[in-house]
Amino acid sequence: MSVIGPPPGREEGEEILAGVKYVLRLDEDLSGFYALAVGDPELSWVTRGAGRMVRGSTVFEEVVKTLCTTNCAWSATIRMVSALVEHLGEKAPGAPETGPLGRAFPTAHAMAGAGEEFYRDVARAGYRGRYLLTLARSVAGGDLDLESLDADPEELPDDELYRRLVALPGVGPYAAAHVMMMLGRYSRLVLDSWTRPTYARLVGRDEVTDQEIEGRFSGYGSYKGLAFWLYLTRGWLPEKPDLRAIPYLPSGTAAEGVQGSS
DNA sequence: CGTCCAGGTCTAC
DNA sequence: GGTAGACCTGGACGC
């Protein structure tokens, strides 16, 4: 890393550790999912410790990033998100003056403060600029509390969470399912122009209906979205590593083997 | 150079 | 409730 600074004190160190645990979802209990997967020859491999989706620090970040994946190539997503971070994100001490490295994801306040020209001319977000600005202004103005969506399922059931997400500007079925995955809510499949053909290819078909995909993973109940995602991304994992020890590793290199998305 | 479309959504029928 | 058309952008592709 080129980002340097004074070593953290005890309190700051604990904050950093807590942040890392949160983002890497290290303390999530997936035993219920593994119990279902172990009987599925095509997914039993996940029980060696797969399934922790890397997530952002805030729900706001997840929604913004997800909006930047809609109806565009992945390269465009990278461009938009990088521009937001580089130009609107707070810079860490010692971070480079330019570029997205060493910067936090921008706050809603920072994004609300950027004008339409920024979204059009710098982020080049196209029609998504309006969605991003509307969202940021609502959150910054206190009219919308996105962070409250990161709640326990008993308090906020998946169906209600879904309804609230699709009510957001620019968020439809795909984006809502994607954000839910990032929030540890796996009851909905992320169906889009990448996952559909990828699934079809893996099962050796030209095309597959959404209904057929739903059927394949229906046995996973509230974990079906996670099962689908891992089915699609198996090839992203290295062959060997046993990840089971990760939640309890006191230190070291646990994160290197973890695969997820974001 | 024009068309198509990529990790979709919204609006208007 | 289901379905065309429009929507920003910029690579990929055909001509």
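All values reported here derive from a predicted model rather than from experimental measurement. Numbers restart at 1 for each chain; the letters A, B, ... are given by sequence-line order, proteins then strands. Just so you know, these numbers use all the heavy atoms, side chains as well, and skip hydrogens, waters and symmetry mates.
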Legend entry - Length of the line joining A:Trp74:CH2 and B:dG8:P, which is rounded to integer Å: 11 Å
Legend entry - Proximal nucleotide (of B:dG7, C:dC7, B:dT9) relative to the A:Trp229 side chain: B:dG7
Inset, instruction - Select one nucleotide: of B:dA6, C:dC8, B:dG8, the one nearest the side-chain heavy atoms of A:Arg128. - result: C:dC8
Legend entry - A:Glu212 CD: over 12 foreign heavy atoms closer than 6.0 Å: yes
Legend entry - Sub-6.0 Å ring centroid separation between A:Tyr186 and A:Tyr220: no
Legend entry - Side-chain N or O of A:Ser193 closer than 4.0 Å to phosphate OP1/OP2 of B:dG8: yes
Inset, instruction - Specify the separation, in whole Å, of atom CZ of A:Arg130 and atom C1' of B:dG8. - result: 14 Å
Inset, instruction - Pick base, sugar-phosphate or nothing for A:Leu168, based on heavy-atom distances below 4.0 Å to the nucleic acid. - result: sugar-phosphate
Inset, instruction - Describe the nucleic acid contact of A:Val190 in one word from base, sugar-phosphate, nothing, applying a heavy-atom distance below 4.0 Å. - result: nothing
Inset, instruction - Give the rounded distance in Å between these two atoms: CE of A:Met80 and P of C:dG11. - result: 12 Å
Inset, instruction - Please figure out whether A:Val171 or A:Thr195 has its closest DNA chain B nucleotide nearer the 5' end. - result: A:Thr195
Legend entry - Under 5.5 Å and under 30°: A:Tyr174 stacked on B:dG7: no
Inset, instruction - Pick the P atom in C:dC8 and in B:dA12, then give their distance to the nearest Å. - result: 15 Å
Legend entry - Between B:dA6 (P) and A:Tyr127 (OH): distance, integer Å: 13 Å
Legend entry - Proximity to the side chain of A:Cys72 - top-ranked nucleotide from B:dT9, B:dG7, B:dA6: B:dA6
Legend entry - Interatomic distance, A:Trp194 CH2 vs B:dG8 C1' [rounded to whole Å]: 17 Å
Legend entry - Within 45° cone of A:Tyr119 ring axis and under 6.0 Å: A:Arg130 NZ or CZ: no
Inset, instruction - In plain terms, say whether A:Asp159 and A:Arg185 are close enough for a salt bridge, that is, a side-chain N and a carboxylate O under 4.0 Å apart. - result: no
Legend entry - Inter-nucleotide C1' distance (B:dC4, C:dG5), Å rounded: 16 Å
Legend entry - Parallel, tilted or perpendicular: rings of A:His87 and A:Phe118 (30°, 60°): perpendicular
Legend entry - Strand partner of C:dC8, provided both Watson-Crick or wobble distances fall under 3.5 Å: none
Inset, instruction - Please evaluate the base of B:dG8 for a donor-acceptor partner in the side chain of A:Tyr131 within a cut-off of under 3.5 Å? - result: no
Legend entry - Inter-nucleotide P distance (C:dA6, B:dG7), Å rounded: 23 Å
Inset, instruction - Please work out if A:Gly172 contacts a base, only the sugar-phosphate, or nothing of the nucleic acid, heavy-atom cut-off 4.0 Å. - result: sugar-phosphate
Inset, instruction - May I ask which nucleotide in the shown strands pairs with B:dG7, Watson-Crick or G-U wobble, both distances under 3.5 Å? - result: none
Inset, instruction - Provide, to the nearest angstrom, the distance between the CG atom belonging to A:Leu67 and the P atom belonging to B:dT9. - result: 9 Å
Inset, instruction - Determine whether more than 12 heavy atoms belonging to other residues, nucleotides or ligands lie under 6.0 Å from atom CG of A:Asp206. - result: no
Legend entry - Nearest heavy atoms of A:Pro41 and A:Ser44, plus distance in Å: O-OG, 3.7 Å
Legend entry - From C:dT9, B:dC10, C:dC8, nucleotide with atom closest to A:Arg79 side chain: C:dT9
Inset, instruction - Round to the nearest Å and state the distance from A:Leu165 atom CG to B:dG8 atom P. - result: 17 Å
Legend entry - B:dT9 and B:dC5, which share atom name C1', separated by this distance in whole Å: 16 Å
Inset, instruction - Ignoring backbone atoms, establish whether A:Arg196 has a side-chain N or O less than 4.0 Å from OP1 or OP2 of B:dG7. - result: no
Legend entry - Protein-nucleotide distance (A:Asn71, atom CG; C:dG5, atom P), rounded to Å: 17 Å
Legend entry - A:Arg120, nearest nucleotide to its side chain (from B:dT9, B:dG7, C:dT9): C:dT9
